[in-house]
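Down below is the structure, laid out as structure tokens.
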4 protein chains.
Amino acid sequence: MRLWEKGVPVHEKILAFTAGEDPALDLELIPYDCRASQAHARMLGKIGILSPSEVEALCQTLGEIQELAERGEFEISPEDEDGHTAIENYLTSKLGEIGKKIHTARSRNDQVLTALRLYYRDQLSQIEQGIRRLQTVLETFSRRHRDIPLPGYTHTRKAMPFTVDQWASAFREAFADDLTMLRAVKELVDQSPAGSGAGFGIPLEIDREMLARELHFPRLQRNPLYVQNSRGKFEATLLHGLGFVQFDLNKLASDLIFFTLPELGYFTLPETLTTGSSIMPHKKNPDALELLRAYYHRLLGLEIQVQSLSANLISGYHRDLQLTKGPVMEAFRIVEASLEVTTLIFEGLKVQEEHCRQALTPEMYATHEVYQLVARGIPFREAYRRVAEKQRRSGR
Amino acid sequence: MRLWEKGVPVHEKILAFTAGEDPALDLELIPYDCRASQAHARMLGKIGILSPSEVEALCQTLGEIQELAERGEFEISPEDEDGHTAIENYLTSKLGEIGKKIHTARSRNDQVLTALRLYYRDQLSQIEQGIRRLQTVLETFSRRHRDIPLPGYTHTRKAMPFTVDQWASAFREAFADDLTMLRAVKELVDQSPAGSGAGFGIPLEIDREMLARELHFPRLQRNPLYVQNSRGKFEATLLHGLGFVQFDLNKLASDLIFFTLPELGYFTLPETLTTGSSIMPHKKNPDALELLRAYYHRLLGLEIQVQSLSANLISGYHRDLQLTKGPVMEAFRIVEASLEVTTLIFEGLKVQEEHCRQALTPEMYATHEVYQLVARGIPFREAYRRVAEKQRRSGR
Amino acid sequence: MRLWEKGVPVHEKILAFTAGEDPALDLELIPYDCRASQAHARMLGKIGILSPSEVEALCQTLGEIQELAERGEFEISPEDEDGHTAIENYLTSKLGEIGKKIHTARSRNDQVLTALRLYYRDQLSQIEQGIRRLQTVLETFSRRHRDIPLPGYTHTRKAMPFTVDQWASAFREAFADDLTMLRAVKELVDQSPAGSGAGFGIPLEIDREMLARELHFPRLQRNPLYVQNSRGKFEATLLHGLGFVQFDLNKLASDLIFFTLPELGYFTLPETLTTGSSIMPHKKNPDALELLRAYYHRLLGLEIQVQSLSANLISGYHRDLQLTKGPVMEAFRIVEASLEVTTLIFEGLKVQEEHCRQALTPEMYATHEVYQLVARGIPFREAYRRVAEKQRRSGR
Amino acid sequence: MRLWEKGVPVHEKILAFTAGEDPALDLELIPYDCRASQAHARMLGKIGILSPSEVEALCQTLGEIQELAERGEFEISPEDEDGHTAIENYLTSKLGEIGKKIHTARSRNDQVLTALRLYYRDQLSQIEQGIRRLQTVLETFSRRHRDIPLPGYTHTRKAMPFTVDQWASAFREAFADDLTMLRAVKELVDQSPAGSGAGFGIPLEIDREMLARELHFPRLQRNPLYVQNSRGKFEATLLHGLGFVQFDLNKLASDLIFFTLPELGYFTLPETLTTGSSIMPHKKNPDALELLRAYYHRLLGLEIQVQSLSANLISGYHRDLQLTKGPVMEAFRIVEASLEVTTLIFEGLKVQEEHCRQALTPEMYATHEVYQLVARGIPFREAYRRVAEKQRRSGR
């Protein structure tokens with residue numbers, strides 16, 4: 001039974017259209033809603049809406065649901081519309097009247113947001129750990145290839161000498177910035193929406209500070225309307241932060257596709273990390289790298305979708321915002337898998353030192369020549385022109 | 001067994017990462033690949049690669065697979081990697097040596113594209129039918145509400161008098177344009193890629209015209225490299241054409257959300273088409289309309305994703321392009337469901353004639369007043385200023 | 001003086017903010033508005049609003065403005081707000097009362113659209129010509145390099161042998177598709193909005209067919225509300241069609257950046273088409289190619305902007321739609337310049353036949369080997385595995 | 001003369017295409033480059049490349065350029081290609097040999113980034129100030145309208161009672177979050193790129209810490225390749241941060257367009273802040289609000305452009321990245337103007353208390369009724385159903 005049912009049957013196709021992908025997506029959110037609902041029950045106990053035994057019954061049954069969900073055994077039927085409804089229906093079927101009290105002093109609007117934000121926090125931690133694991137592998141890689149030369153490129157043209165460890169360090173510094181950005185995103189998003197109701201507060205004296213404390217939110221999002229108005233805004237920022245990470249993976253993958261080009265041969269991928277062609281028996285293709293590159297664009301599409309659909313809407317909740325849920329969940333999955341695969345690739349990547357050394361052809365030292373002239377007192381621009389002229393005459 | 005397996009085991013996580021959502025998505029494509037593979041077998045028969053009995057065996061078994069797929073009983077196991085592999089593996093398990101011949105003179109690259117384009121053609125027909133059904137309902141709606149006045153708005157402010165049937169006709173003309181656009185998209189996309197191999201042709205004398213004919217493609221996409229290069233390009237255009245339709249649904253939904261605003265009350269939605277609130281018992285919310293509006297933005301996100309990921313790649317296939325499949329398939333589902341729901345809404349929509357009439361307040365006739373002065377010989381701009389001055393004095 | 005001024009001064013900053021970039025952009029639109037206004041005057045003559053001498057006076061003065069504009073001498077002052085106002089003000093200052101009549105039976109809304117659509121038609125012709133010029137140069141290039149081999153790549157890895165002229169032909173076929181798409185876009189967009197007023201018609205008996213005929217629009221956009229509702233929609237489609245062309249230029253540029261990589265050396269760019277580095281005297285960078293590639297993304301940004309801002313708005317004009325003008329105008333400029341530069345590049349591009357031939361290394365013929373086995377009766381998949389095994393043993 | 005000229009003339013159209021909009025955009029960057037170049041000269045003095053008198057001459061002439069630029073009198077000719085070249089050429093024309101030394105130990109790549117980041121820092125401060133000014137006006141507005149009721153909406157339908165000051169407070173909290181986000185963006189972007197050369201360091205012992213200190217960068221961006229790789233990434237984040245602000249302005253504008261709808265009449269805009277129609281004399285249109293709303297979408301378009309063009313590129317500078325400059329500069333202008341106009345609007349906005357009060361119709365208290373039953377011990381869901389049933393019977 002839907003939370004808002006009042007006796008008038010709603011058209012089946014409208015129900016299916018509005019439920020959309022929620023029953024599937026919400027399976028992952030059940031444990032977070034259970035934790036939030038337990039805190040809510042305790043708060044209702046504190047303000048005298050529930051008796052201690054009611055609180056205990058609810059918390060225990062919510063714990064059961066959480067366990068079922070973690071074992072993959074909790075079901076959200078189409079009639080439940082979404083996971084939040086499924087939880088209330090389960091509580092009512094088990095506890096009768098007590099179950100009908102759990103929704104006191106909240107709205108599905110703040111209930112959804114509370115569960116989502118707990119989920120966001122958890123997922124952000126996962127991503128952070130994934131980055132740290134990759135950082136460690138990159139560090140080992142750097143250490144192992146210290147001082148092996150690598151041609152530096154600008155405009156996809158050889159530019160100046162560089163080294164393999166400096167190249168890898170560029171990404172370590174990039175990921176460090178990503179961690180900074182993700183921390184900023186987390187700081188923003190980790191505000192407690194609990195107790196803000198449908199966007200206009202609750203006509204009861206509730207204890208929002210307690211809810212925030214119980215759920216370890218470092219901050220309370222005070223204005224109940226802003227809680228709703230920040231939906232879409234916060235999700236866009238999550239997607240931006242995740243896209244930030246995938247941007248670096250996109251560049252890393254682009255580099256590796258290029259550096260493992262057999263014609264250059266600076267690096268090689270072990271065959272266990274490549275795939276083949278259905279028609280050309282000789283092919284060893286870097287499909288995993290190509291997908292790492294491509295998933296960045298999926299993230300862009302998810303970000304723009306959320307940014308665009310949240311706009312041109314007046315304050316307060318709109319059902320449009322429901323469509324922000326899927327994109328964020330998909331993005332977390334993509335970035336997590338991408339970090340894992342990248343870590344795996346760095347564990348297997350081989351550096352072909354000989355090829356790297358041979359690639360440092362003489363013209364790459366043109367800038368060094370300029371600076372030898374500068375050291376002899378020739379103004380930079382003059383020195384530049386002399387070396388350029390010499391290069392031109394030598395036909396390079 | 002993967003089509004390209006050569007005895008070196010590939011890392012399990014790489015396999016999972018590269019297979020991605022293909023095993024799930026491809027279930028819908030199996031019947032199209034079967035049809036394409038049957039045509040391919042017949043062509044191989046014609047050029048003497050297969051004997052008549054081999055052709056027959058293959059065609060019959062492909063027919064079996066098609067039936068299994070349509071009954072939802074064909075399975076793509078993770079080991080199959082994708083649907084195309086599952087089909088070849090099924091053929092080989094049933095027909096032995098004969099099955100190993102089906103991939104002669106093709107590559108998975110052109111196989112995938114052939115199946116997809118047959119699917120696109122079918123889906124475009126579905127969308128066209130959905131639009132036509134909506135057009136019919138709109139026409140009935142127009143006829144039923146002929147000459148009922150409706151305030152015309154610009155800048156979300158009352159502008160000039162209009163009528164309900166003229167309002168509905170605006171959308172009928174819009175959808176007629178959409179059909180024109182979809183026909184153009186179809187003309188473009190409905191080119192035969194069959195027989196182009198991996199993008200560089202097949203080192204055998206094959207009959208691409210026969211393949212095109214058998215599969216009812218009106219045109220052959222000649223250059224095999226362009227077949228590959230058009231991946232992403234054609235998909236972006238499909239998404240654009242679908243977005244075109246959803247754009248009109250977005251506006252229609254925006255109008256209906258506004259016109260059914262109780263404060264205006266021009267139209268009402270029957271309660272069977274609205275949903276409620278978990279906390280506010282009085283609410284009748286237009287969730288279906290809001291989702292119709294919001295799905296436009298999902299389409300935008302899908303289009304930009306495909307447009308962005310296909311760029312900055314040299315000619316020829318890249319695994320990145322695999323990620324164009326999901327977005328197009330999702331877009332077809334969205335637009336089809338959206339057209340169906342919109343049709344349903346128009347069947348239930350009520351026009352509140354009294355409210356509409358009352359809304360035609362006197363200031364809406366200001367332009368008519370101007371033209372009465374123009375009719376008396378006063379230059380337009382002068383007439384405009386006189387009416388404006390009169391309006392100002394009357395404090396409107 | 002603004003067309004809608006009624007004696008109440010509007011805040012200067014609001015005027016500047018709302019005028020935005022219009023005074024600058026509209027300079028290019030003046031000639032189109034003049035042509036449309038001449039047709040409008042003739043139509044007003046026909047229906048008896050203007051006398052023959054008034055029509056003549058207006059048409060002549062509009063002709064003057066057009067000439068001034070084409071010589072770059074027509075000015076749009078900030079007080080004029082936009083070009084359409086500047087034209088009416090000029091007419092009134094020259095012709096007094098007659099000038100005040102020109103706006104009879106039209107609104108700035110349909111006036112703007114009429115001028116824009118005439119401009120779109122002209123610009124689309126320019127783009128078509130640019131494509132045709134490029135096609136001609138590509139054809140010459142193909143003819144000149146017939147049968148010169150070129151390695152075909154998939155996954156940025158050597159795949160199968162190909163030829164330079166087949167490579168160039170892939171783009172000729174691509175541009176032919178682009179012309180098809182642009183024709184479809186033109187067919188859609190080339191509908192007459194003239195006489196539709198502010199979206200609700202004009203309370204006068206006017207002759208919209210005559211307007212359409214005079215301005216060579218093949219079709220009338222009938223429903224006046226749809227005229228307004230199609231703003232943004234048509235512009236998005238124009239941008240999509242233009243992006244379609246730039247997509248092919250993006251791929252062409254990506255290929256050329258790769259094929260001119262000195263490590264491969266298949267093609268070379270003459271030094272007159274490259275630029276250098278401020279610090280590295282040896283560099284010859286393909287900046288023009290990189291910008292060709294990058295401008296595709298600017299087009300994406302413009303398209304998504306127009307698609308996103310036009311959504312979630314009820315029917316009828318909104319000032320938001322004003323921001324669709326700049327993007328389309330910028331896109332036309334970009335694609336035109338890009339086509340010109342690409343043509344120039346193909347005129348100078350050198351093919352290094354020797355490097356191309358050397359690049360056709362033996363493993364690229366693996367598929368041919370497979371087909372030699374197939375010719376001897378070995379099933380394809382079996383033949384594939386034998387060649388793969390042979391390749392593996394030889395350590396390739 | 002271009003910095004990289006070596007005696008081979010480059011085709012004029014290539015020069016125009018590659019220079020693009022730089023000569024125009026760079027006018028705004030000249031003062032920042034001058035400050036950076038002064039610091040660079042002092043650093044070169046410290047490490048012994050320049051004598052004290054050379055440092056002084058350079059710094060003084062750079063000061064002159066800065067003053068010229070601030071008076072709008074510094075010119076960038078097409079031959080200069082960009083502002084950085086114009087500065088070096090000016091120095092050389094004034095100081096001869098000394099001018100030719102300024103480019104020692106730097107590349108245009110790090111020079112451009114250094115100037116841009118100083119500019120970003122300045123602009124971010126401007127935006128922060130704009131937000132603070134708006135916050136102050138919002139606070140006054142809140143104080144002035146304390147406790148005036150306002151209907152709260154969800155799904156664009158009346159939901160629960162709210163107040164005008166709570167509504168305004170929602171935006172104050174939103175802007176406070178924006179300031180937090182902008183601080184995070186600034187922290188990220190405010191890293192010193194100076195001295196990183198073309199991405200591979202400088203073959204000279206230079207003092208990057210001194211450069212950072214002199215230019216008040218709190219942090220050094222250490223890895224020179226990452227300096228280049230972060231181009232596009234940092235710009236995307238700036239655009240995201242700016243889009244964050246404009247998102248709130250979009251919602252504010254959407255609210256105001258709705259709340260000033262004459263049919264609701266909760267708020268009114270003074271006529272000095274509205275514009276009119278060229279055909280309908282009675283219209284008072286909220287054009288400024290509509291543009292505030294629409295500019296959000298321009299920002300989206302700019303962000304996606306930068307995100308998309310920076311991808312699929314290997315490490316190191318590419319000319320593509322040049323196209324990130326215009327979007328960021330345009331975004332700063334848009335957000336600054338938008339904040340200013342919003343501040344102006346709040347100074348003039350009138351609240352129509354009587355209309356607000358009348359709008360609090362009885363059904364809006366349905367949730368309160370539910371809680372009265374809850375207070376009497378009826379479980380929430382039961383109470384909800386009773387009130388819903390009562391509402392239904394009363395025909396609301």
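Proteins get letters first, then strands, A, B, ... in listed order; numbering begins at 1 in each. What you are looking at is a predicted structure, and each value in this text was computed from that prediction instead of being measured.
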Measure distances from [X] to the heavy atoms of chain C and classify the residue's part below 4.5 Å as side chain, backbone, both or neither.
X        : result
B:Tyr153 : both
B:Gln372 : neither
B:Arg386 : neither
B:Glu187 : side chain

[X], part contacting chain B, at a heavy-atom distance under 4.5 Å:
X        : result
C:Ser230 : neither
C:Thr163 : neither
C:Phe171 : side chain

Next on the checklist: Please report the interatomic distance CG(B:Leu225) to CG(C:Asp255), rounded to the nearest 0.5 Å.
Outcome noted: 7.5 Å

Next on the checklist: Can you see whether B:Phe244 has C:Lys233 sitting over its ring - NZ or CZ less than 6.0 Å from the centre and within 45° of the normal?
Outcome noted: yes

Item to check | Verdict with reasoning, B:Thr92 to C:Arg381, per side-chain contact (heavy atoms from CB on, under 4.5 Å) | outcome: CA-CA 10 Å; B:Thr92 304; C:Arg381 187 59 61 212; over 6 Å; no

Checklist entry - Any side-chain donor-acceptor pair under 3.5 Å between C:Thr154 and B:His318? => result no

Next on the checklist: Assess the residue pair B:Asp177 and C:Gln191 against the criterion (side-chain hydrogen bond (donor to acceptor under 3.5 Å, both in side chains)); give the C-alpha distance rounded to whole Å, side-chain angles, the decisive distance to 0.1 Å, and a yes or no.
Outcome noted: CA-CA 11 Å; B:Asp177 271 359; C:Gln191 302 187 43; 3.1 Å; yes

Next on the checklist: For the backbone of C:Gln307 and the side chain of B:Tyr296, can you confirm whether one donor and one acceptor N or O come within less than 3.5 Å of each other?
Outcome noted: yes

Item to check | Best-contacting candidate, B:Val374, B:Thr367, B:Asn229, against chain C by heavy atom pairs under 4.5 angstrom | outcome: B:Asn229

